[in-house]
Amino acid sequence: MSEKRPATGIPARRATLALLNGVLEKGRLLSEMTGDKGPLERLKPADKARAQRLATETLRHMEQADKLLGPHLRKRPPLAVHNVLRLGTYEICADGAAPHGVINDLVEIGGRGRQTRHQAGMINAVLRKIAETGPAQWPDLPPAKLPKWMRKQMIADYGKPVVEAMEVAHDKGAPLDISVKTDAEGWAARLGGTVLPTGSVRLTDQGQVSQLAGYDEGGWWVQDAAAALPVRLLAPQKGEKVLDLCAAPGGKTLQMAAAGAGVTALDISETRLVRVRENLRRTGLSARIVAGDALEFSEGGFDAILLDAPCTATGTIRRHPDLPHAKDSSDFAALFELQERMIDHALGLLAPNGRLIFCTCSLLPDEGEIQIEDALKRHPDLQVDSAAIAQMGLDPAWKTAEGGLRLRPDYWAEQGGMDGFYMACLHKS
């Protein structure tokens, strides 16, 4: 356990509980609640960052917290009360917070809450017991398992040992990866990071991103190492006309613009495109921005298209542990159908001999390998360019039977893992 540090105070903890309740009671994603008019709206920047981190890590380690809480509970408490106990258990056992500060704040918050005020005494008693024995037990607890709706299918697709390795990666969380315009070695030295085999720079003790050297001058942008690989597979050339479908938040747009391509960045969300524009401005790169539905975009003649299709985002759980709690599989079939339609539409926008990268930040073969297999059946003139993957210098075992590239959170485990991703390069002959 890390060194004790002083209590943060009630505002951050109250906001953390509002975020936890939003995810676990209402099925909302953390990203949906951290903007304007959300629980963090009136917090100071330090408290806002603290609340986001505590909510993320409490969700990541919720199963471990519940295991420690179980012997001290006669029955499962109401969700709002349970979340107070989960937050307290995580802070006391894993976050290095002083137990008395955690308990005092959470008892006060519980005593004022409409759903928790009758349980303030129980909250106090249980967390005091946790403080006595929990910190010693915490390091021996196994990683949290994926939810049943996802785990069963994942075991069928990958096997139990692989799924367990992914769960270990999810438990450890994700370091900060950045993509640089030039001089990865130089930026790694300047920021105290390391250069990964694919050229991304990985930071393990980064602090506040906007305060890092090079942020204001636009020398780099935040992008997971796995998310940077679709553009490497696309290999955009200077002067090429390229299209980034579903472009926001814009990391891939920046990569292609930095390579000298003429980029059109399209996204259905004008709000999300604001961030793309901000990053282009900060980095001094240029791209044409278009707000619109990808399926209605009709301009053709592109030398290359990158389709980062809407998906279940199951490959980003190590970074977004709220996903398994806020989602289930009820809308998956509609997503699979949308991806199929987007592939077919994107192929029609290519110039002769053009190439298409299809990718998803998903671990589900239905959103990767199977999509490409089905596309090959629908388009007899379509081919997968597997040679492009061989030129990237990656582990040959990551290549899939149909010629795509499958990335998993347990890859590069000793270096901190990567997001789950699938990508393939398609050519029309």
inquiry  = Given 3.5 Å as the limit, does a donor-acceptor pair link the side chain of T116 with the main chain of G110, or not?
reply    = yes
ask   = Does atom CZ of R76 have more than 12 heavy-atom neighbours from other groups under 6.0 Å away?
value = no
query = Between F332 and W149, does the ring centre distance come in under 6.0 Å?
reply = yes
task = For the pair R277 and E270, find out whether any cationic side-chain nitrogen is under 4.0 Å from an anionic carboxylate oxygen.
result = yes
note = Residues pairing under ring-ring contact (aromatic ring centres under 6.0 Å, His included) where one sits in residues 43-74, two or more places apart or in two chains, turn out to be H61-Y90, H61-W138
request  = With rounding to the nearest 0.5 Å, note down the distance linking CG in L127 to CD1 in I92.
outcome  = 5.0 Å
pair L69-D66: side-chain heavy atoms closer than 4.5 Å = yes
task = Could you please spell out the steps behind the salt bridge (Lys or Arg N to Asp or Glu O under 4.0 Å) verdict for K172 and E57?
result = CA-CA 10 Å; K172 291 180 179 179; E57 296 307 315; over 6 Å; no
ask   = Which pairs count as salt bridge (charged side-chain N to carboxylate O under 4.0 Å, His left out) when at least one residue sits in residues 132-146, sequence neighbours excluded?
value = none
query = In Å, rounded to the nearest 0.5 Å, how long is the span from CG of L347 to CD1 of I305?
reply = 7.5 Å
query = Would you say the side-chain atoms of T316 pair up with the backbone N or O of H320, donor to acceptor, closer than 3.5 Å?
reply = no
ask   = For the side chain of D95 and the backbone of A97, is there at least one donor-acceptor N/O pair under 3.5 Å apart?
value = no
query = Are D224 and R318 within salt-bridge range, i.e. N to O under 4.0 Å?
reply = yes
inquiry  = Tell me whether K181 contacts the main-chain N or O of T283 through its side chain, where contact means a donor paired with an acceptor under 3.5 Å.
reply    = yes
query = Can you tell me if D177 and S200 form a side-chain donor-acceptor pair at under 3.5 Å?
reply = no
query = Cut-off 3.5 Å, side chains only: do D267 and S269 have a donor facing an acceptor?
reply = no
request  = Decide, yes or no, whether a salt bridge links R282 with D216 under the criterion of side-chain N to carboxylate O below 4.0 Å.
outcome  = no
message = Please determine whether a side-chain nitrogen of the Lys or Arg among R281 and E278 lies less than 4.0 Å from a carboxylate oxygen of the Asp or Glu.
response = no
task = Measure the spacing between SG of C311 and CG of L363 and express it to the nearest 0.5 Å.
result = 9.5 Å
query = Tell me, do V222 and L176 make a side-chain contact under 4.5 Å, heavy atoms counted?
reply = yes
key: I103 side, atom CD1; I130 side, atom CD1 - distance, nearest 0.5 Å   = 9.5 Å
query = Quick check: does any side chain N or O of R355 sit under 3.5 Å from a backbone N or O of A235, one acting as donor and the other as acceptor?
reply = yes
task = Sequence neighbours left out, what passes ring-ring contact (aromatic ring centres under 6.0 Å, His included) with Y215? Give chain and number order.
result = W220
task = Mind checking the CD-CG spacing from Q115 to N21? Nearest 0.5 Å is all I need.
result = 7.0 Å
request  = Would you indicate whether the side-chain heavy atoms of L17 and I109 approach each other to under 4.5 Å?
outcome  = yes
request  = With the side chain counted from C-beta on, respond yes when L54 and L87 share a heavy-atom pair under 4.5 Å apart, and no when they do not.
outcome  = yes
task = Could you walk me through whether R378 and E340 pass salt bridge (Lys or Arg N to Asp or Glu O under 4.0 Å), step by step?
result = CA-CA 10 Å; R378 294 194 306 274; E340 181 178 309; 3.8 Å; yes
query = In terms of side-chain geometry, is the basic nitrogen of D105 or R13 positioned less than 4.0 Å from the acidic oxygen of its partner?
reply = yes
task = Please confirm whether the backbone N or O of P321 pairs with a side-chain atom of R60, one donor and one acceptor, at under 3.5 Å?
result = no
task = Verify the distance criterion only: is there a donor paired with an acceptor across the side chains of R86 and T58 at less than 3.5 Å?
result = no
message = side-chain hydrogen bond (donor to acceptor under 3.5 Å, both in side chains) for R288 and T264? Distances and angles first, verdict last.
response = CA-CA 5 Å; R288 170 187 167 215; T264 296; 3.1 Å; yes
Between E367 and Q339, a side-chain donor and acceptor under 3.5 Å = yes
query = Is there a side-chain contact between D419 and L407, using heavy atoms and a 4.5 Å cut-off?
reply = no
inquiry  = Restricting to non-hydrogen atoms, name the atom on M423 and the atom on C359 that form the minimum distance, rounded to 0.1 Å.
reply    = CB-CB, 3.8 Å
request  = Please confirm whether the backbone N or O of F336 pairs with a side-chain atom of Q371, one donor and one acceptor, at under 3.5 Å?
outcome  = yes
inquiry  = Under 3.5 Å, is there a donor on one side chain and an acceptor on the other for D171 and Q64?
reply    = yes
query = Is the number of heavy atoms from other residues, nucleotides or ligands within 6.0 Å of CZ (R341) greater than 12?
reply = no
message = Under a 4.0 Å threshold between the charged nitrogen and the carboxylate oxygen, would K67 count as salt-bridged to E63?
response = yes
message = With a sphere of 6.0 Å drawn around CZ of R190, does it hold more than 12 non-hydrogen atoms of other residues, nucleotides or ligands?
response = yes
query = So do the side chains of P249 and V276 get within less than 4.5 Å of each other, counting heavy atoms only?
reply = no
task = Output yes when a side-chain donor or acceptor of Q415 lies under 3.5 Å from a complementary backbone atom of L196, and no otherwise.
result = no
query = Would you say E32's side chain and L29's backbone share a donor-acceptor pair under 3.5 angstrom?
reply = yes
Any side-chain donor near an acceptor of the partner, N104 and E108, under 3.5 Å = no
Sidechain-backbone polar pair: H345 side chain, F297 backbone, donor-acceptor under 3.5 Å = yes
remark   = Rounded to the nearest 0.5 angstrom, the CG-CG distance for L335 and D366 is 11.0 Å
ask   = Do M392 and T198 come within less than 4.5 Å of each other through their side chains, counting heavy atoms only?
value = no
remark   = Heavy-atom closest pair (A257 atom, V263 atom, distance to 0.1 Å) is N-CG2, 3.6 Å
task = Could you walk me through whether D322 and K327 pass the salt bridge (Lys or Arg N to Asp or Glu O under 4.0 Å) test, one step at a time?
result = CA-CA 8 Å; D322 51 319; K327 287 190 174 186; over 6 Å; no
